[in-house]
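See structure below.
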Amino acid sequence: MVTILKVIRESIAQALQQLAGNKLRTFLSLLGITIGIFCIIGVQSGVDSLETSIKSSFEQLGRDVVYISKFPWAGGSETEFRKWLRRPNTSYQDYKAINKKVKSMDNSTFYVFMGLKTIQYQSNSIDDVESIGITFEYADMFDLKFERGRYFSSREYFYGDNKIVLGNTVASELFGDLNPLGRKVKLFGRKLEVIGVLEKSGEDLIGISDFDERILVSFELARKLTNLRTNANFQNSFLAVKAAEGVSIDRLKDEVTGVMRAQRRLKPRQEDNFSVNELSMMTSVFEVIFGSLSNMGLVVGIFAIIVGVFSVANIMFVSVKERTNLIGIKKALGAKRYIILLEFLIESIILCILGGLIGLILIQLGVVILTEVTGFQLYLSLNNIINGLLWSICIGILAGVIPAFQASLMNPVDAIRSK
């Protein structure tokens, strides 16, 4: 054990000597390792950051919630898509039937997108604001949090009172430093009183939980403001159903499917004219995309690493050549073959780890800069740091194994006589 530690210490010293004595040659040789680690781990870090952000957005949908709509989240062929377009949109009647007949649910909500509208307060106005009509349970289902004010009361909802809840960005742009609560805004040609302002949602890559640029009105009021009985080609209404405690998502899906088929009066042999979606369907699609992106980074990185392996191997061959006489002396004094082999192999690994560390430092700098510039949270995880170092060690072994074997097999007499 003492001998091994001594070999490691000497190998580290030799590696540092290579850096100090042949700076340009070592730099150019390690450049391939640095670029390879940067490509592989950099892409993986970007994919991990993207995946974390997207999955965090999807978590807002709830793992115990199913969503009924005309389109399946898993996607399909062009022919299937045209068929889905002809399906009826999810309706308020579907929502009432679900509420009445599904026993395995805890809660449900129905909401409809009323389009991009102009909202006005005195001389200030904002165009293309996403307006949504929601049933009373919406706040609980999506865990709405308020910076100011409150949600609709049951009476306000039931009678469709002229009340409105604003997203944080909408309130800021419309009212500036003024307190929006109690003030009247104009929407759909009607004056509505602001009763609440939602907390700032922040950066949400998918936009599922981003309410900053949205406005909410009760579904009963929405029915007074616009025609909600349209069957537009693209989905504009959704029905979310949350499973009761202890109820599996599969059981909930089965019961919801049965109720929906009865509500739509479908015959036993007729296929569903609706889709019951869950979170896992969407995440599985993105996992395929993330896997493809990771593989692309791996392919690019491997080409750079191949160049790096040959470059480091070249350094090690030169190192063996320069120290042939010393190798002969060591072997003449009784050094075992495995000691000589380990000495050069560890030296190669140390050089590659240095190249890998440079690559990881560059990734961290890139992560910090991109996060600051884009506002999108990127990170270099501990797992990716470990992977980067493991890649570096593997590269070091591949690059150093042949030169190390060459050194270990030298005849001590011939080695001492060499110049």
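- Judged by distance alone, the side chain of N179 and the main-chain N or O of L181 form a donor-acceptor pair under 3.5 Å.
- The side-chain heavy atoms of L221 and R190, taken from C-beta on, include a pair separated by under 4.5 Å.
- Taking 4.5 Å as the limit, every side-chain heavy atom of S131 sits out of range of all side-chain heavy atoms of V217.
- Heavy atoms only, all atoms of each residue included: I358 and T34 are closest at CG2-CG2, 3.7 Å.
- Side-chain N or O atoms of N107 include none that pairs as donor or acceptor with a backbone N or O of A240 at under 3.5 Å.
- A donor-acceptor pair shorter than 3.5 Å cannot be found between the side chains of S218 and E220.
- There is no side-chain donor-acceptor pair under 3.5 Å between N387 and Q44.
- Open room surrounds CD on E213; 12 or fewer heavy atoms of other groups in view lie less than 6.0 Å from it.
- The closest side-chain heavy-atom distance from F110 to D94 is not below 4.5 Å.
- Ring geometry, Y67 versus F142: the interplanar angle falls from 30° to 60°, so the pair is classed tilted.
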Derivation of the side chain to side chain contact (heavy atoms under 4.5 Å, CB included) call for I119 and L174 | CA-CA 8 Å; I119 184 170; L174 206 56; 4.1 Å; yes
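- Between V102 and L252 there is a side-chain heavy-atom pair separated by less than 4.5 Å.
- Using bins of under 30°, 30° to 60° and over 60° for the plane-to-plane angle, the ring pair F81/W84 lands in the perpendicular bin.
- Nearest heavy-atom pair, E147 versus N168, reported as atom, atom and distance to 0.1 Å: OE1-ND2, 3.1 Å.
- At least one donor-acceptor pair closer than 3.5 Å links the side chain of E255 to the backbone N or O of K103.
- The main-chain N or O of G133 is never found under 3.5 Å from a side-chain atom of R223 such that the two would form a donor-acceptor pair.
- Formation of a donor-acceptor pair under 3.5 Å by the K163 side chain with backbone atoms of E156 is not found in this model.
- No side-chain donor from either of T257 and D272 sits under 3.5 Å from a side-chain acceptor of the other.
- One N or O on the side chain of R264 and one on the backbone of N273 form a donor-acceptor pair closer than 3.5 Å.
- In terms of modelled atom types and a separation under 3.5 Å, the side chain of S69 and the main chain of F71 share a donor-acceptor contact.
- Residues F175 and V185 are in side-chain contact: their nearest non-hydrogen atoms beyond the backbone lie under 4.5 Å apart.
- A donor-acceptor pair is defined here as one N or O able to donate and one able to accept, closer than 3.5 Å; such a pair exists between the side chain of S348 and the backbone of G396.
- Ring geometry for F136 versus Y151: interplanar angle of 30 to 60°, hence tilted.
- No side-chain heavy atom of I68 sits under 4.5 Å from any side-chain heavy atom of F238.
- Between the side chain of R87 and the main chain of K70, a donor-acceptor pair closer than 3.5 Å is present.
- The two residues V197 and P180 have their closest heavy-atom pair at CG2-CG, 3.9 Å.
- Annotation: side chain of F211 is not in contact with side chain of V165 (no heavy-atom distance under 4.5 Å).
- Judged purely by atom type and a 3.5 angstrom limit, D254 has no side-chain atom pairing as donor or acceptor with the backbone of R251.
- Ring geometry for Y95 against Y92 counts as tilted: the plane angle lies between 30° and 60°, on a 0 to 90° scale.
- Counting heavy atoms from C-beta outward, V129 and K117 have side chains that stay 4.5 Å or more apart.
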